[in-house]
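Heads up: the structure comes next, in structure tokens.
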Amino acid sequence: MALSTGSKIIKTAVFISGTGSNLKSLIKFSKLKKSPISINLIISNNPKSKGLEYANIFKIKKKVFSLKKITDEKKILFELKKDKIDLICLAGFMKILSKTFIKSFKGKILNIHPSLLPKFKGLNTHERAINKKEKYSGCTVHFVNSKLDSGKIILQKRVKIKKDDTPKTLAKKILSQEHKLYPKAILKVFSL
Ligand code: GAR
């Protein structure tokens, strides 16, 4: 699993759509001595993403592409090449990337998903886990392939679902685990 990178820092782009709390945790992680990554670019499909504020706070380059046009992916690829990005971390990115895009970054895109994959791919994971009376849910970091939420799993963290949990309380519990799991998964994949 570990991809050796020598001593080279891995230039990373984080893709977001919303709040960006995973982005924030990845930025904090990237600043640690043990981190193999630097975060050089933030991409959002949503100009109103709260997470874009972290670009200003931490002085990281940001770009917004709606991804409503097919040419937007080409523009993103251009930006990634220009900044010599070698890793993409999807962090609450709610758009599906095309097969062509994924192919051109093969094996170098990670995603975090709020369920214990392969259970509950897609949206509304917490609501579905509660409705199915699951005892546990959690989060998964995985490689991205051309099938939704189906790439090779890197790490997972289980979270207990309590009787009185609502989708909201469960989301909160899982999100705080996500913040720890994503950095751990990066450390697992990239050994310095
Ligand atoms: C996180 O729970 C993440 O796992 C999920 O969106 C949330 C984003 O929170 N991602 C997906 O559902 C992707 N299918 P954040 O913007 O605070 O990091």
Side-chain angles (χ1 to χ4, degrees), residues 12-31 37 39 41-58 60 62-67 73 76 87-99 101-102 105 109-132 134 136-161 165-186 188-189:
T12 303
V14 182
F15 286 28
I16 60 167
S17 298
T19 315
S21 68
N22 275 294
L23 164 66
K24 186 182 173 198
S25 96
L26 287 176
I27 294 172
K28 291 207 158 158
F29 167 67
S30 74
K31 294 182 182 299
I37 64 163
I39 295 177
L41 182 61
I42 296 167
I43 298 227
S44 177
N45 64 304
N46 171 11
K48 292 191 178 133
S49 295
K50 211 175 149 264
L52 283 171
E53 286 170 16
Y54 296 117
N56 305 336
I57 296 169
F58 293 98
I60 300 169
K62 65 175 177 204
K63 291 269 168 185
V64 177
F65 296 97
S66 71
L67 280 154
E73 279 195 349
I76 294 177
L87 176 71
I88 296 173
C89 289
L90 307 182
F93 184 64
M94 304 313 269
K95 282 269 177 186
I96 294 174
L97 295 163
S98 74
K99 283 187 182 147
F101 184 97
I102 292 166
F105 247 79
I109 310 179
L110 309 183
N111 180 41
I112 188 150
H113 184 75
S115 78
L116 293 175
L117 290 173
K119 283 188 175 171
F120 309 116
K121 296 173 182 175
L123 299 175
N124 306 318
T125 53
H126 310 304
E127 195 180 346
R128 284 153 64 208
I130 289 172
N131 289 346
K132 271 230 159 185
E134 297 282 341
Y136 294 92
S137 188
C139 43
T140 304
V141 177
H142 64 94
F143 286 103
V144 171
N145 66 11
S146 57
K147 281 195 190 147
L148 182 70
D149 300 328
S150 298
K152 189 173 178 188
I153 290 171
I154 301 163
L155 273 184
Q156 294 187 303
K157 175 73 186 179
R158 219 166 62 151
V159 170
K160 198 165 171 44
I161 303 179
D165 264 324
T166 63
K168 211 173 162 188
T169 60
L170 183 59
K172 199 171 164 204
K173 277 196 285 188
I174 291 177
L175 192 59
S176 73
Q177 291 304 323
E178 291 182 35
H179 299 155
K180 296 180 205 160
L181 193 71
Y182 219 156
K184 265 194 192 167
I186 289 171
K188 186 173 172 190
V189 173

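Just so you know, residue 1 is the first one in the sequence shown, and it goes up from there. Atoms within a ligand are numbered from 1 in the order they appear, just like the ligands themselves.
A distance of 6.5 Å separates OG in Ser17 from CG in Asn46, rounded to the nearest 0.5 Å.
In this structure, Lys152 forms no cation-pi arrangement with Phe143, as its terminal cationic atom is not both closer than 6.0 Å to the ring centre and no more than 45° off the ring axis.
Electrostatic pairing of Asp165 and Lys173 counts as a salt bridge here, judged by a charged N lying under 4.0 Å from a carboxylate O. In summary, Lys119 and Glu134 engage in a salt bridge, as defined by a charged side-chain N under 4.0 Å from a carboxylate O.
Counting only N and O atoms by type, the side chains of His179 and Ser21 include a donor and acceptor under 3.5 Å apart.
Protein residues with any heavy atom under 4.0 Å from ligand 1: Thr19, Gly20, Ser21, Asn22, Gly92, Met94, Ile112, His113, Pro114, Leu175, Glu178.
Below 30°, between 30° and 60°, or above 60°: for Phe58 and Tyr54 the angle between ring planes is between 30° and 60°, a tilted geometry.
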